[in-house]
Each structure stands twice: as structure tokens, then as C-alpha cells.
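This one's a predicted model, so the numbers in the text were calculated from it and none came from an experiment.
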Amino acid sequence: MFIIHQSAEPGAITTCICLIIDFIKQHSSVFSQYKGHFINQLHCRKNIYLNHQYFIQKAQIFKLSYYVCFTKIKTMHRQFSNPLTKFFTHQTVIFSLLTTELLILLLVIFRNFSFDYLWYDESGQFWIAKGLHHDSPPLSPAGSVSDVIDSNSHHNLDPGGFSILLHWWTHISNAIVWLRMLPFLFLVGIAACTSYLTHWYFKNKLLTFLAIFLPFTYPVLLNMGFEIRAYSMEVFFTILMVVLLERLSHGISPKRILLTSILMSIGMCSRYSAIIIAFTGAMYVFWMILKSDSRQKILCTLYLALPLFSTLFAIYHNALKHQNLHLGQLSYLQYLNNNWLYLIRPLNLVYLLALLILMMVYIKRKQWIKSDKFEALLFVCLSANILYIDLSAMGLHPWRIGSKGNISVNYLMIVCMFVLGIFYLKRLPKSLRLSKLFFALICPIFIIYGYNRYLFPEITEIREPAIGVFGRPRLNAASISKRNSPAASLTHS
């Protein structure tokens, strides 16, 4: 006889029953009367086994659900037990805080649109955009684009791209508010490109929104965002070039390279300093072409070189050879070959130390960053700053931290420090939340800092020099008044 222990598993019992049935089939004459009984027992055991497995699965699901719910409740209790933590970790609150601060900042800086005067350089830029100059006879008619190019080549020290753009801009209106809107749009473009670049690096909405404030933390750039001159145009095409280079790093093609080269060529027409920036960008693109596996390397190189060299030839022929053919030094600018001790000033030493840190990060980026992230930004920032210093040491280009002449490389340095600071803060525990909160809380400091006399002076301050944030008097600010300025009288006509 078969002896089945009661503690056996249901699967083993079913197997034994199957063996018994096979034995009965072989001896059906003897056990025929027990056949129906054993078949009924088999079905019973099978149903018991299935019900057993069903209840086990249900118990496991219930146990897992209980564990998940308990863990979630415990986490929420820890997170929201402190009211301050609940407040500061809520993204909606931080978004609302940043939005409010941005609106306040715009209200603060919009007062510059109400300044109804052009100082000497601004009025000169306006007349050049009309094909005239400071000494043009009264009531002289405005000229064409060719007159603008001719006037720019003899009465300005820029390539003339901004003058041509301002010439077309004045076809709509000559009101000063409208004229100041052109550099302000470039400032908005700088904020948009900086925000897009931050999103490209971090894919984080709060950091993307936070990056909008970055151009407004640089007082020189904030001032140039309202002054009718080419500085904001130069910075815009500089940061736009970095955005295009970062996109090219994910795949090059002849069309993308041609678009990048055309935009860099337009940027070179803003100021001569932009040619140095465009040169660093062109070297980076050429390096990417060489290391790529594309079969169209020659075509990509031609698409990169043709717009740049054509623009350089046009700038030389229409502007440089009439303005400063021998690249002589200008007496009112700072050159390192005239004063090497300028390098050891405290602010300059801090700047050079920051450059050294960026150089170490770029060299060790595979170990410290573990990717090619920020490569284009770091390359352009380091190369442009080094070229600026070397050219100034040779007496070919001015170099002064915080000056308008170095506005592009200074802003590149600010962007580098911002993205690297966020990158390393993210690697600390809970640092991303704290860093966003930190920057959100210090934004009002920059708003207060932006509301200072470094921007355009008030009407009551016209007779006295405006004092900048660095303690330097702006002797020529607002030197053209509304009553005796031909430029101002024309813009109000």
C-alpha cells in the first residue's frame, strides 16, 4: 500500500495520486470499484492546491502593498512634519518667488526707457546710422546704407554691423524709447540663450528659469542693454555661438556648420573684439570636423571658412583700413604692455585664479565631470580670455576686468562659474533643492544692486557726473541735453 504523509506538499500529494491511478489502470479488474473514488480525490486535491497558490499570491500582493503604503506615509511624514521644509521644497512656491522677483527686476530697469537724452557716443551712433556724423550740417537728409557704411568707416571704431541694423531700425521710429529697445532686445536674447544653455546642461525647469537672471547680475551688461551701442549685440552673438557649438557637439553636418558660420560672421560685424570670439569658435568647429567620421570633411570646412573669410574681407575693406589700419593703441584704453603691474591688482588676481581653475577643470574634465559636458563653453571662455591677455601684452587689444571692451569674455566667465557651481552643488546631498532656494533668495540682492547710479542718471543729475559702482565718474554721461542736441531733437520729431 501507498502511505502518504499528511505533512506532504500539495504538489507531491497530487503526484502520488497520479501514480496510484496509473497502478489502478493496470489492475482495473481488482480495483475497478475504487476507480471513481480515487478520481474524485484527485480533483479535490487539485482544487486545494490551486486555492492554496491563489491565497499565497494574494497574501504576497497585500504584503507588498502594505509595505509601499507604509513607506510612502513614513516618507511624507518626515518630509512635511517640518512646516519650513514643506514650504521651501515646494516647486510652485519657488517658481512664484522667481516670477515675482523677475517682474520687480523688470519694473526697476524699465526706468531707463524714460531717460530722454543721448550722451555723446550714443548720439554719434545715431547719426552714423543715418549716414551722417556729429559735424554734419543741420537739417542734413538721412542717407542710404552705403552712406551708413561710409560714415561708420570714418567716424566710428566698430565694423559697422550695429550701425546698419540701427539704420533699418529707425525706419519705424526715431523715438528714443524705440531706439533703446534695440539693445534691450539683445539683452533679452542673452537671457534667453543663457536659459537655453542651462536647460541643455541640466534639463531642470527651475534652473532654466533661474538662469534668466544671470545677465542682470552683471551691471556693465545691464547698462549696455539700454545704451544705443554695439556691446549688447556682441554679447548676444557670443552666447548664441556657444549654444550652436554645444548643439554641433552632438552631431555635425554641412548645413549646421554653414548656419553656425553665418551667425558667427554676423556677430563679427558688431565689434572688433567679436572677431577674437569668432576665431575661438571657428577653431572649435574645425577641431570637431577633424575628429569626426564624416565623409564630407572638405565640404564642412568650406562651409565654415567661406562666410568667415568673406566677412573679414568686407570688414577690412569697408571699415578697418579707414579706421585703424596699423592697429595702433588708443590712449583712453588699458594695455598690459604699458603697465604689467596692472595684473597684480586684487580683482585681476581673483580673475586669473578663476581662469586657472577653469583650465584645470577643462584638462581634467574626463575625471572630474566624466563627460564632454561644458566642453564648448569652457573652450571658448578659456581661449578667448587667453587671447585677450596675449594680445594686450603685445599692445594689440585692451584688457581691463569689468570694462566694456572685455564685456564678452567677462560674461562668459560668469556663465562658466554659474554652470560649474550648479554642477558641483548637485553632487552634494540635497544640494539641488538648496542651491535653487539659495539663488532664489539672493536674487533680490542683485535687483537692489542693479538699481544704482551706474545706469543712466536722473534729469536732476545731468549737470554733475554720475558715479559708477566702481567709484569712477562718468564725465561724458548725458552730455547731450534735450534742448541743444540735434540727435535728441530729431528723435523727438
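- When ring centroids are compared, Phe113 and Phe184 come within the 6.0 Å threshold.
- At a cut-off of 3.5 Å, with distance as the only test, no side-chain donor of Arg400 or Tyr335 sits close to an acceptor on the other residue.
- The backbone N or O of Thr208 sits less than 3.5 Å from a side-chain atom of Ser195, completing a donor-acceptor pair.
- Of all the heavy atoms in Asn152 and Gln323, the pair that sits closest is O-NE2, 2.9 Å.
- Minimum interatomic distance between Ser261 and Ser265 (heavy atoms only, all atoms of both residues): O-OG, 2.8 Å.
- Looking at Lys130 and Asn174, their side chains do bring a donor and an acceptor atom within 3.5 Å of each other.
- Counting heavy atoms of neighbouring residues, nucleotides and ligands inside a 6.0 Å radius, atom NZ of Lys203 exceeds 12 of them.
- Without hydrogens or angle criteria, Asn204 side chain to Leu207 main chain gives a donor-acceptor distance under 3.5 Å.
- For residues 378-389, the pairs satisfying side-chain hydrogen bond (donor to acceptor under 3.5 Å, both in side chains) are Tyr351-Asn385, with sequence neighbours left out.
- Aromatic rings from His397 and Tyr272 are positioned such that their centres are separated by 6.0 Å or more.
- Remark: side-chain polar atoms of Lys297 are paired, donor with acceptor, to backbone N or O of Ser292 under 3.5 angstrom.
- Rounding to the nearest 0.5 angstrom, the gap separating the CZ atom in Arg247 from the CD1 atom in Ile252 is 15.0 Å.
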Please list every donor-acceptor pair under 3.5 Å in which a side-chain atom of residues 338-350 meets a protein atom from a residue at least two apart or in another chain.
unit_1	atom_1	unit_2	atom_2	d
Asn338	ND2	Gln329	OE1	2.8
Asn339	OD1	Leu341	N	3.4
Asn348	ND2	Tyr342	O	2.5

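- The shortest distance between side-chain heavy atoms of Pro137 and Ser140 falls below 4.5 Å.
- The 12-atom threshold is not exceeded at NZ of Lys205, counting heavy atoms of other residues, nucleotides or ligands nearer than 6.0 Å.
- Val409 has its side chain within reach of Ile277: a pair of non-hydrogen atoms, C-beta onward, lies under 4.5 Å apart.
- Listed for the Asn318 side chain is a donor-acceptor partner under 3.5 Å among the backbone atoms of Ala314.
- In the displayed structure, Tyr196 atom OH is contacted under 6.0 Å by more than 12 heavy atoms of other residues, nucleotides or ligands.
- Under a 3.5 Å cut-off, the side chain of Arg180 and the backbone N or O of Phe226 do form a donor-acceptor pair.
- A donor-acceptor contact closer than 3.5 angstrom is absent between the side chains of Glu234 and Tyr411.
- Heavy atoms only, all atoms of each residue included: Ser163 and Ala129 are closest at O-CB, 3.6 Å.
- In this structure, the side chain of Arg271 does not engage the main chain of Phe162 through any donor-acceptor pair within 3.5 Å.
- Taken to the nearest 0.5 Å, the CG atom of Leu245 stands 10.0 Å off from the CG atom of Leu197.
- Atoms SG and CG, on Cys416 and Leu377 in that order, are 3.5 Å from each other to the nearest 0.5 Å.
- Using bins of under 30°, 30° to 60° and over 60° for the plane-to-plane angle, the ring pair Trp178/Trp169 lands in the parallel bin.
- Between Leu179 and Ser173, the shortest heavy-atom contact is CD2-O, 4.3 Å.
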Practice prompt. Take Asn337 and Leu396 through the side-chain contact (heavy atoms from CB on, under 4.5 Å) test and state the conclusion after the steps.
Written response: CA-CA 9 Å; Asn337 67 329; Leu396 300 176; over 6 Å; no
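- Just one of Ile190, Asn223, Ile414, Val235 meets the side chain to side chain contact (heavy atoms under 4.5 Å, CB included) condition when paired with Tyr218; it is Ile414.
- Here the side chain of Ser153 pairs no donor or acceptor atom with the backbone of Ala319 at under 3.5 angstrom.
- To the nearest 0.5 Å, atoms OG (Ser408) and CE (Met241) are separated by 9.0 Å.
- Other residues, nucleotides and ligands contribute more than 12 heavy atoms inside 6.0 Å of the CE atom of Met283.
- Within 6.0 Å of the CD1 atom in Ile298, the count of heavy atoms belonging to other residues, nucleotides or ligands does not exceed 12.
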Discussion item. As a quick check of understanding, evaluate side-chain contact (heavy atoms from CB on, under 4.5 Å) for Trp368 and Met360, giving each step before the final call.
Written reply: CA-CA 10 Å; Trp368 294 358; Met360 295 175 60; 3.9 Å; yes
Worksheet item: Given the rule in the side-chain contact (heavy atoms from CB on, under 4.5 Å) test, do Tyr284 and Ser249 qualify, once you have shown the distances and angles that lead to the verdict?
Response: CA-CA 10 Å; Tyr284 185 80; Ser249 62; 4.2 Å; yes
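- No side-chain heavy atom of Phe379 sits under 4.5 Å from any side-chain heavy atom of Leu382.
- Aromatic pair Phe423/Phe374: centroids less than 6.0 angstrom apart.
- With sequence neighbours left out, Glu246 forms a side chain to side chain donor-acceptor pair (under 3.5 Å) with Tyr201.
- In this structure the side chain of Ile257 never reaches within 4.5 angstrom of the side chain of Thr301, judged on heavy atoms.
- Judged purely by atom type and a 3.5 angstrom limit, His134 uses its side chain to pair as donor or acceptor with the backbone of Tyr120.
- With a 4.5 Å cut-off on side-chain heavy atoms, Ile389 and Leu355 count as touching.
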Discussion item. Show, in sequence, the C-alpha distance, side-chain angles and deciding distance for Leu244 and Met264, and conclude whether the side-chain contact (heavy atoms from CB on, under 4.5 Å) test is met.
Written reply: CA-CA 10 Å; Leu244 295 174; Met264 286 194 297; over 6 Å; no
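- Classified by interplanar angle (parallel below 30°, tilted 30° to 60°, perpendicular above 60°), the ring pair His250/Trp200 is perpendicular.
- Atom CZ of Phe110 sits in a crowded spot, with more than 12 heavy atoms from other residues, nucleotides or ligands closer than 6.0 Å.
- The side-chain heavy atoms of Ile228 and Leu166, taken from C-beta on, include a pair separated by under 4.5 Å.
- Residues Ile422 and Val419 form no side-chain contact, since every pair of their non-hydrogen atoms from C-beta on lies 4.5 Å or further apart.
- Of all heavy-atom pairs spanning Thr194 and Pro215, the tightest one is OG1-CG, 4.4 Å.
- In the displayed structure, Leu356 atom CG is contacted under 6.0 Å by more than 12 heavy atoms of other residues, nucleotides or ligands.
- Taking the side chain as every heavy atom from C-beta outward, Phe279 and Leu312 never approach each other to under 4.5 Å.
- Phe237 contributes atom CZ, which lies 9.0 Å from atom SG of Cys269 (distance to the nearest 0.5 angstrom).
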Item to complete: Start with the C-alpha distance between Arg365 and Glu375, add both sets of side-chain angles, then the distance that settles salt bridge (Lys or Arg N to Asp or Glu O under 4.0 Å), and finish with yes or no.
Response: CA-CA 8 Å; Arg365 63 186 183 279; Glu375 183 180 8; 3.4 Å; yes
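- The two atoms that bring Leu248 and Met288 nearest to each other are CB-CE, 3.6 Å, heavy atoms only.
- Without hydrogens or angle criteria, Ser151 side chain to Leu132 main chain gives a donor-acceptor distance under 3.5 Å.
- Annotation: the span from Asp121 atom CG to Phe126 atom CZ amounts to 15.5 Å, rounded to 0.5 Å.
- Within 6.0 Å of atom NE2 in His317, 12 or fewer heavy atoms from other residues, nucleotides or ligands are found, so the atom counts as exposed in its surroundings.
- A donor-acceptor pair under 3.5 Å is formed between the side chain of Thr260 and the backbone N or O of Arg256.
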